[in-house]
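The structure appears below as structure tokens.
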Amino acid sequence: MSAAFYKELPPQEVQERILRQEKVTLIDVRESDEWETGHIPGAKHIPLGQIARAMNELDRKEEAIIVCRSGNRSGKACEYLSSFGYSVVNMTGGMSQWSGPVEYGK
């Protein structure tokens, strides 16, 4: 494994990229009960404990933005995925700082 390198973006910048209709891949690593209380529309749910599964579902060259409640678990996921060469971005502040639209349920 190589050293982990990843970028960080505040939720406001993530929201701006979505509003500009950039192609954004979002991975939400929170637990199912947290996911159901509200997530970013279009995000893919892969709980942190199953993050290895993301390696089958992500394109290594395509940037993915990792989301959790506050930015801690997404940071761990970013460290893990970036150590395998994935291009990932930690959304700092997580859903607790998100002011954009949310979807509910599974």
Side-chain angles (χ1 to χ4, degrees):
M1 287 199 314
S2 62
F5 294 106
Y6 58 90
K7 292 188 273 186
E8 296 191 325
L9 274 181
Q12 297 77 7
E13 284 186 43
V14 174
Q15 189 176 353
E16 286 166 17
R17 289 175 69 172
I18 293 168
L19 291 172
R20 286 195 302 266
Q21 298 184 327
E22 291 180 28
K23 187 178 187 303
V24 177
T25 300
L26 294 161
I27 306 293
D28 191 317
V29 297
R30 295 176 299 156
E31 296 303 316
S32 294
D33 58 334
E34 295 172 286
W35 164 264
E36 289 166 18
T37 63
H39 52 271
I40 301 170
K44 190 178 278 191
H45 183 222
I46 303 176
L48 183 60
Q50 299 171 25
I51 199 64
R53 189 180 103 208
M55 293 195 286
N56 301 324
E57 300 182 26
L58 292 175
D59 180 337
R60 203 177 286 258
K61 291 166 206 64
E62 203 173 281
E63 187 176 82
I65 299 171
I66 314 297
V67 179
C68 70
R69 186 180 54 80
S70 65
N72 290 334
R73 284 175 286 179
S74 53
K76 287 184 172 77
C78 284
E79 280 181 34
Y80 179 80
L81 292 168
S82 67
S83 72
F84 288 99
Y86 286 83
S87 175
V88 289
V89 178
N90 183 16
M91 188 175 92
T92 57
M95 288 303 288
S96 64
Q97 304 281 308
W98 179 257
S99 60
V102 291
E103 286 180 337
Y104 300 94
K106 300 178 189 334

For [X] and [Y], work out which heavy atoms get closest and say how close.
X      : Y      : value
Pro11  : Gly94  : CG-O, 3.8 Å
Gly100 : Gln15  : CA-NE2, 3.3 Å
His45  : Ser32  : CE1-OG, 3.5 Å
Pro41  : Pro101 : CD-O, 3.2 Å
Ile51  : Tyr80  : CG2-CD2, 3.7 Å
Trp35  : Ala43  : CH2-O, 3.3 Å

Short side-chain to backbone donor-acceptor contact, His39 and Lys44, under 3.5 Å
no
Closer than 3.5 angstrom, by distance alone: can the side chain of Ser96 be matched with the main-chain N or O of Arg69 as a donor-acceptor pair?
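Judged by distance alone, yes, a pair lies under 3.5 Å.
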How long is the gap from [atom1] on [X] to [atom2] on [Y], to the nearest 0.5 Å?
X     : Y     : atom1 : atom2 : result
Glu57 : Ile46 : CD    : CD1   : 4.0 Å
Thr37 : Arg30 : OG1   : CZ    : 5.5 Å
Ile66 : Asn90 : CD1   : CG    : 8.0 Å
Leu9  : Thr92 : CG    : OG1   : 7.5 Å
Ile27 : Leu58 : CD1   : CG    : 4.5 Å
Gln12 : Trp98 : CD    : CH2   : 9.0 Å

Checking side chain to side chain contact (heavy atoms under 4.5 Å, CB included) between Pro47 and each of Arg73, Glu34, Glu31, which is the one that passes?
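When side chain to side chain contact (heavy atoms under 4.5 Å, CB included) is applied between Pro47 and each of Arg73, Glu34, Glu31, only Glu31 qualifies.
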In terms of heavy-atom contacts, does CD of Glu22 have more than 12 from other residues, nucleotides or ligands at under 6.0 Å?
yes
Hey, are the side chains of Leu81 and Met55 touching, using non-hydrogen atoms and a 4.5 Å cut-off?
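Yes, at least one pair of side-chain atoms sits under 4.5 Å.
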Student check: side-chain heavy atoms of Ile40 and Ile18 closer than 4.5 Å:
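The answer is yes, as the side chains (C-beta and beyond) meet within the 4.5 Å cut-off.
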Check ion pair Glu13-Lys7 (N to O, under 4.0 angstrom):
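Salt bridge between Glu13 and Lys7, a charged N being under 4.0 Å from a carboxylate O: no.
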Indicate if Tyr104 and Leu26 have the same hydrophobic cluster label, given that clusters are the connected sets of ILVMFWY residues with side-chain heavy-atom separations under 4.5 angstrom.
yes
